[in-house]
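For reference, the structure is listed below as structure tokens.
Note that the structure is predicted; figures quoted are calculated from it, not measured. Just so we're on the same page: letters track the sequence lines, and every chain starts at 1.
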2 protein chains.
Amino acid sequence: MGKFTIIGERIHCISPVIRAAMEAMDPAPILKRAKEQLDAGAVYLDVNIGPAEKNGSELMKWAVKLLQDNCDNVPLCLDTSNKKAIEAGISVYNNAKGKPIINSADAGDRLSNIDLAAANGAICIALCAKQGVPSDNDERMAYCQEMLEHGMELGMEAEDLWFDPLFLVIKGMQDKQAQVLDFIRQLRDMGFNSTGGLSNVSNMMPKLIRPIMDSTMVAMAINNGLTSAIVNPCDRRLMETIKSADIIMNNSLYADSYLEI
Amino acid sequence: MGKFTIIGERIHCISPVIRAAMEAMDPAPILKRAKEQLDAGAVYLDVNIGPAEKNGSELMKWAVKLLQDNCDNVPLCLDTSNKKAIEAGISVYNNAKGKPIINSADAGDRLSNIDLAAANGAICIALCAKQGVPSDNDERMAYCQEMLEHGMELGMEAEDLWFDPLFLVIKGMQDKQAQVLDFIRQLRDMGFNSTGGLSNVSNMMPKLIRPIMDSTMVAMAINNGLTSAIVNPCDRRLMETIKSADIIMNNSLYADSYLEI
């Protein structure tokens, strides 16, 4: 397995600073967050512009060019329910450092994001869910297969579907966590790439606990074969754990300096 | 699976303070370490007196009585190559809070420690090794089976053999770590208890790195079904991770205060 791929989640319109910057098309706050995340070890940057129904295409184009022009063609994860905005973003996207990722399809209403990925040579995050939380791993696997077949009929490579097991919040679904981890192992055993919004597990927990819980979960997930996650790379404990997990899984070679690399 | 069982490793004659206290039969330093470890969440305390060829029986008796009399019959893990010392310790041991653990047998020269456990109603740590490091998990499993059969012929319950997969040092055996984790999963799938000296993985690493690496490993190991480990419970990051892993595995119920419990 290769090194774990970190997708930085912090360029997100839910953040007031980023929302204001997106509204004003003000580069500085966005580039600052980009640099912080890349310095901390992010490989991909997620760009979440929300539904952006008015000016989504213009905004996504602007953001893609801004980030790639200023950050050495950083590969991006285009995150919006606005399909035209995704197409517009891809139309100006430079593949030099990696294909764009579309975030995200599922086996329900958002299945057609796989068509969008296939038509544009993109990677697609494929959430193993249709409506709400799958009841068990058989259901997750059924959705995974539906999306896989759909993508392959459209000529995609299986490796360009990054399956998302759907991380669940512990406060409310504590007894389902081991199941999610087992599903990640199933994906690994089938040779698939995987990703997901890992910090959902600690949602609603006290702030001090979240890095501890997320770190514990990411270690388990990487051991089960998770190949990527959408996380906050500025969470130091999480990043230390990811780097250590890569060492234990022999994905990167140990050196006493490995935490600084 | 029940809550992960922490065996505190810090009453060990390799520590100059403890060695001096054992030589002088001075209670204070030993009770201080006992209290620190129990306060931090240890369930069992390991008592390592070394080979103690001269006065092992007397010393182990003294230590067992000292610790149990002063720490509410804390259950103990008797750790010495001196069999007479183990027997002497068990002769004064109070089972009220848990059987004594003999640390440890293997499938080679130390097989007879299983006999000792069987004859004394003790638990026995059973290292899945014979001479040196097993070459693969088939070899580990062969030793596991040998020790299991031996114990059962002597009337032991399988649950009283706590199989030790033999944690390996990453600096030197990085590529074997995933194998050890897979073996823990095999033990889990067979319903066995397991334990081991987990911090061996970070042996020879810089001091600041060890808690990070050990925590990452323990999260993975608990997800694979490790039921216990011999660790330093005063390592805060490690303990936070163990408690979080118990939450994720649904071994203990989440509350916002779970780290303080």
Structural part of [X] lying under 4.5 Å from a heavy atom of chain A:
| X | result |
| --- | --- |
| B/D214 | neither |
| B/S202 | neither |
| B/I170 | side chain |

Per-residue tally against chain B (heavy atom, under 4.5 Å) across A/M249, A/K243, A/M217, A/R237 peaks at A/R237

For each of A/S215, A/P206, A/A221, tally heavy-atom pairs with chain B at distances under 4.5 Å, and name the one with the top tally. A/P206

Counting only heavy atoms not in [X] (residues, nucleotides, ligands), do more than 12 fall under 6.0 Å from its [atom1]?
| X | atom1 | result |
| --- | --- | --- |
| B/R188 | CZ | yes |
| A/D109 | CG | no |
| A/I261 | CD1 | yes |

Sort A/L253 into side chain, backbone, both or neither according to what part of it lies under 4.5 angstrom from a heavy atom of chain B. both

What part of A/I242 lies closer than 4.5 angstrom to a heavy atom of chain B: side chain, backbone, both or neither? neither

Return the option, out of B/E240, B/M204, B/K176, B/Q177, with the maximum number of heavy-atom pairs under 4.5 Å with chain A. B/E240

Atom CD1 of B/I212 and atom OH of A/Y258: how far apart are they, to the nearest 0.5 Å? 6.0 Å

Going from CE on A/M173 to CG on B/N250, what distance comes out if it is rounded to the nearest 0.5 angstrom? 13.0 Å

Contact between B/K171 and A/D256 at the side-chain level, heavy atoms closer than 4.5 Å - yes or no? yes

Within the structure provided, determine whether A/M213 and B/I248 are in side-chain contact (heavy-atom separation under 4.5 Å). yes

Nearest heavy-atom approach of B/T216 to A/S244 is OG1-CB, 3.3 Å

After noting the C-alpha distance and the side-chain angles of B/N224 and A/N223, does the key distance pass the side chain to side chain donor-acceptor pair (under 3.5 Å) rule? CA-CA 9 Å; B/N224 282 291; A/N223 176 237; 2.7 Å; yes

